[in-house]
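Working notes, structure below.
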Amino acid sequence: MPELPEVEVLRRSLEPRLVGRRIEGLDVHARSLREPISRRAFERAALGRRIERVRRRGKFLLVDLEGESTLVFHLGMSGRLTLAEASRPREPHEHLSLSLDGGERLRLRDPRRFGLALARPTRGLERDAHFARLGREPLDPPVDGVTLRALAAGRRVPVKNFVMDGRAVAGVGNIYATEALFRAGIRPTRSVTALTRASWDALAAAIVAVLREAIGSGGTTLNDFTDGAGARGEFQGALAVYGRAGETCGRCGGRVRRVVLGGRGTFYCPGCQR
DNA sequence: GCATTACCCTGAAAGC
DNA sequence: TGCTTTCAGGGTAATG
């Protein structure tokens, strides 16, 4: 499940290998992702163009091309974007591949098809429906408690739902919201209306720390995340509570619990998180 | 207007 | 062992 750190790790691995390359051909396969992949839009935007930049916005990977076009990718739950030899046969669930000069292909696989692949004009992209309501980036600059508290003003949701809500802060998904709340010592079920200033400060610091550490570890690979070259992440070994229901808390020796918030499995330590 | 739930999808894991 | 059922969740539409 690629969240901000995984997409950033992917971006860093792809950027040096993509920038300057020309897109010479493309294959689109018929099955739709969250939205259909428009062969026409991709052909018009990408064919014969050079790649100028590889950016990230929240969990979106943005590939800017010459000619003021941007290819937009969202990996959903199970998406993988890899750069590999053009001669390698198409894999199952490969929905799009771009052949580049130099004999490689950028391939998008996504078995569960929760992902997205779009071709859009670069200009005005931030006003596109997928980006218009997207919240602020948590890392640049690092988000602070005052900002978080202001973003939550007027809302009454459990703090976990707020942290995961992309309209407030972009890119923090279930794993990192869960881990940040553990580090901050805040129970995920607590209402945002009940947090003190000190709690907001601790939460902001925890979000920034956990995202940075995860990027430094190459992301979290639970099932199948890899960077653009196929390397797995290592942050799964650092997860304190996520996926550990019934296990012993490494900090206090209590038992980790699982609840469901916003339809997502949520893990916390009742001893450490109040 | 806000909060919550349902839905899309497939592979892995659990259950029988 | 092998089949069936359950579970996972990002984002958004529908419902409360």
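Below, read A as the first sequence line, B as the second, and so on, with proteins coming before strands; counting in each chain starts at 1.
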(request) Using heavy atoms to find the nearest nucleotide of DNA chain C for A/Phe60 and A/Arg258 separately, return the residue whose nucleotide is more 5′. (result) A/Arg258

(request) Report the end-to-end axis angle of the helix from B/dC2-C/dG16 to B/dC16-C/dG2; each axis comes from five terminal pairs, and the value is rounded to 10°. (result) 60°

(message) Does this structure show an ion pair linking A/Glu66 with A/Arg22, if we count only N-O contacts that are shorter than 4.0 Å?
(response) yes

(request) Would you please name every residue forming a salt bridge (charged side-chain N to carboxylate O under 4.0 Å, His left out) with A/Arg136, sequence neighbours left out? (result) none

(message) If you assign A/His93 and A/Arg34 each to the DNA chain B nucleotide with the nearest heavy atom, which residue ends up on the more 5' nucleotide?
(response) A/Arg34

(request) Taking only heavy atoms on the protein side, list every residue of residues 125-140 of chain A lying under 4.0 Å from any atom of DNA chain B, sorted numerically. (result) none

(request) Could you tell me whether A/Arg255 and A/Glu247 make a salt bridge, using a distance below 4.0 angstrom between a side-chain N and a carboxylate O? (result) no

(message) If we count only N and O atoms by modelled type, under 3.5 Å, do the side chains of A/Thr122 and A/Thr70 hold a donor and an acceptor together?
(response) yes

(request) Please identify each residue that fulfils ring pair (Phe, Tyr, Trp, His ring centres under 6.0 Å) with A/Phe225, with sequence neighbours left out. (result) none

(message) A cation-pi test, strictly: NZ or CZ of A/Arg251 under 6.0 Å from the centre of the six-membered ring of A/Phe182 and no more than 45 degrees from its axis. Yes or no?
(response) yes

(message) Please confirm whether the shortest side-chain N or O distance from A/Tyr242 to OP1 or OP2 of C/dA8 is below 4.0 Å.
(response) no

(request) Using whole Å, report how far CZ of A/Arg167 lies from P of C/dT12. (result) 10 Å

(request) For DNA chain B, determine which residues of residues 107-119 of chain A have any heavy atom closer than 4.0 angstrom to one of its atoms, and list them numerically. (result) A/Pro111, A/Arg112, A/Arg113, A/Phe114

(message) Testing the 3.5 Å rule here: is there a donor-acceptor pair between the side chains of A/Tyr242 and A/Thr220?
(response) no

(message) Students should find this one: the first and last nucleotides of DNA chain B, 5' to 3', lying under 4.0 Å from a heavy atom of chain A. What are they?
(response) B/dA3 to B/dG11

